[in-house]
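Encoded as structure tokens, the structure appears first; notes follow it.
In what follows, every chain begins at residue 1, and chains take the letters A, B, ... in the order their sequences are listed. Computed from a prediction, not measured in an experiment: that's the story for all the values here.
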Protein chains: 2
Amino acid sequence: MRRVTTAEPRRKRMPKEQRKAQMLDVAEQVFAERGYVAASMDEIAERVGVSKPMLYEYFGSKEGLLTGCVRRARAELLERTRRAITGADGPEEVLRRGLLAFFGFIADHRRSWSLLRQEAAVTVPAAVAEVEGIRRQQTDLIAAVFAGFDPGAAPVVAEAFAEVVVGAAERLALWCERRPEVGPALATDYVMDIVWHGVGRRLAP
Amino acid sequence: MRRVTTAEPRRKRMPKEQRKAQMLDVAEQVFAERGYVAASMDEIAERVGVSKPMLYEYFGSKEGLLTGCVRRARAELLERTRRAITGADGPEEVLRRGLLAFFGFIADHRRSWSLLRQEAAVTVPAAVAEVEGIRRQQTDLIAAVFAGFDPGAAPVVAEAFAEVVVGAAERLALWCERRPEVGPALATDYVMDIVWHGVGRRLAP
DNA sequence: GCAGGTAACTTACTTCCAGTAACCTACTGG
DNA sequence: CCAGTAGGTTACTGGAAGTAAGTTACCTGC
């Protein structure tokens, strides 16, 4: 029996790159709405206006789709950070501008941010290595900047510093979701206060 | 037709609390091994030596089982932290001892730690609220201690401080997995160096 | 030492979804 | 206007989450 569905909107073809971007947009949204586990490939496909095997054609697996989302978002974040710190004058300014760029990015990606963190991939171990690699670019950038300002420091110290800063900022970003009055500027102040000046000055004068 | 399976080891009955603890032990291990998504309830049940509906009897759902693991581990972490900081003399000592207890706990739970973080539950949104609540006890404790030493500070500042410290420590804990030479003591030093003294002193003398 | 109550347990499903095999069609250049 | 192909679909499989209904080990009172 032939299909008799009433003139459904003629399906559109699209160049690959455009389709891919569109899939990532939808996936990011659906993952953020339902969480990775509850999100279904069928729903994502339907919202894109395409059939499920297309998603597999483009991303290989559900996990691959998640990784795709993370990679794209992280690339944007890294790019923004780089632009922000370019031309800054001295370490304090670099740190401040970098943090501001980060919190600004988070504010723009509120809904999906929690999914884009490395930790979101923990439930899918095969993705961890790759996502960790993507994320490492961020900490590497920070470590390099740190080392630039303090050439005498051991590399391991620069790395630790980068991890601490990124961890602090990411955690504070999540916290900001519960504290709408704390915007990017204030969040930056808090981190600078602690990381730059230290709390020793404050708690044990 | 009657079952004819050859004398399988007589199944054992167990008091509820004991069974529950055993299930959590196995689940923590399987989740850590395979990741939340790939872990199967059938496998967990089998390793416990019990049938799947038992897991549902005790925990309601796969997500509930994960939450159970997180809750138990977090309770232990909190307890250790409390014990560690009791009797410490002054804020610097409290911070140092608290961090040391934290990194010590992580070292003991290497395999499962990444799963026990709030972020691991992001893929299962319904669990986030509860897990976040569990985790909040930790930041609340830190915020309270901070406020105790600096009664003039706004509560929001104390909270931000707690988030920064927890974020920094958790991130550094993951990093330590790639850096076996960095044990609890050294990790504590790194965090203290940045959070207590600040990097300003170092980078812009 | 045996009836009966119940806590702890099992078997045998249903449903849903990731992933795939095999086939189809809109669009392009010649 | 035809051939080749990039971009697409339908219809299925396997496996895991979750569940309804029944079963068995253990205890308690007699």
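- Looking at heavy atoms from C-beta onward, A:Arg136 lies in side-chain contact with A:Thr139 at the 4.5 angstrom threshold.
- Note on B:Ser40: only backbone sugar-phosphate atoms sit closer than 4.0 angstrom, heavy atoms only; bases stay farther off.
- For the pair A:Gln18 CD and D:dA6 C1', the interatomic distance rounds to 15 Å; values are reported in whole Å.
- Residue pairs meeting the ring-ring contact (aromatic ring centres under 6.0 Å, His included) criterion with at least one partner in residues 157-199 of chain A, sequence neighbours excluded, are A:Phe146-A:Phe161.
- If you measure from atom CD of B:Glu46 to atom P of C:dC9, you get 16 Å, rounded to the nearest angstrom.
- A salt bridge does not link B:Arg179 to A:Glu163: none of the charged side-chain nitrogens sits closer than 4.0 Å to a carboxylate oxygen.
- Taking 4.0 Å as the cut-off between side-chain N and carboxylate O, B:Glu57 and B:Arg19 do not count as a salt-bridged pair.
- Nearest heavy atom pair, residue B:Ser51 against residue B:Ala45, reads C-CB, 3.8 Å.
- Straight-line distance from the CD atom of A:Glu57 to the P atom of C:dC23: 17 Å, rounded to whole Å.
- Note on the helix from C:dG1-D:dC30 to C:dG30-D:dC1: angle between the axes of the first and last five pairs equals 10°, rounded to 10 degrees.
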Shorter than 3.5 Å, N or O on both sides, protein versus nucleotides 19-22 of chain C: list them out with atom names.
{"from": "C:dG19", "atom 1": "OP2", "to": "A:Tyr56", "atom 2": "OH", "distance (Å)": "3.2"}
{"from": "C:dG19", "atom 1": "OP2", "to": "A:Lys62", "atom 2": "N", "distance (Å)": "2.8"}
{"from": "C:dG19", "atom 1": "N7", "to": "A:Lys52", "atom 2": "NZ", "distance (Å)": "3.0"}
{"from": "C:dG19", "atom 1": "O6", "to": "A:Lys52", "atom 2": "NZ", "distance (Å)": "2.9"}

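- Proximity of B:Met41 to B:Leu65: side-chain heavy atoms (C-beta onward) are separated by under 4.5 Å at one or more points.
- Look at CE on B:Met54: it is 12 Å from P on C:dT11, rounded to the nearest Å.
- B:Leu66 has its CG atom 15 Å from the C1' atom of D:dA17, to the nearest Å.
- Across all strands, A:Tyr58 comes closer than 4.0 Å only to sugar-phosphate atoms, never to a base (heavy-atom distances).
- Of the charged side-chain nitrogens involved, at least one lies within less than 4.0 Å of a carboxylate oxygen, so that A:Glu170 and A:Arg135 count as a salt-bridged pair.
- Using a 4.0 Å heavy-atom distance criterion, B:Ala45 is classed as making no nucleic acid contact.
- Every residue meeting the side-chain contact (heavy atoms from CB on, under 4.5 Å) condition with A:Arg96, not counting sequence neighbours, appears here in chain and number order: A:Thr188, A:Asp189, A:Met192.
- With sequence neighbours excluded, the residues that form a side-chain contact (heavy atoms from CB on, under 4.5 Å) with A:Asp108 are A:Arg80.
- You'll find the side chain of A:Arg82 reaches within 4.5 Å of the side chain of A:Leu78, heavy atoms only.
- Atom CD1 in B:Ile44 sits roughly 12 Å away from atom C1' in D:dA16 (whole-Å rounding).
- Under the 4.5 Å side-chain criterion, counting only non-hydrogen atoms from C-beta, B:Glu63 is in contact with B:Tyr36.
- Computed from coordinates, the B:Tyr36 OH to D:dA16 C1' distance equals 12 Å when rounded to whole Å.
- Between A:Arg19 and the phosphate of D:dG8, there is a side-chain N or O to OP1/OP2 separation shorter than 4.0 Å.
- In this structure, B:Lys16 places its NZ atom 15 Å from C1' of D:dA25, rounding to the nearest Å.
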Polar atom pairs (N or O), protein with nucleotides 1-6 of chain C, under 3.5 Å:
none

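- Ion pairing between A:Asp25 and A:Arg72 holds under the 4.0 Å rule for side-chain N and carboxylate O.
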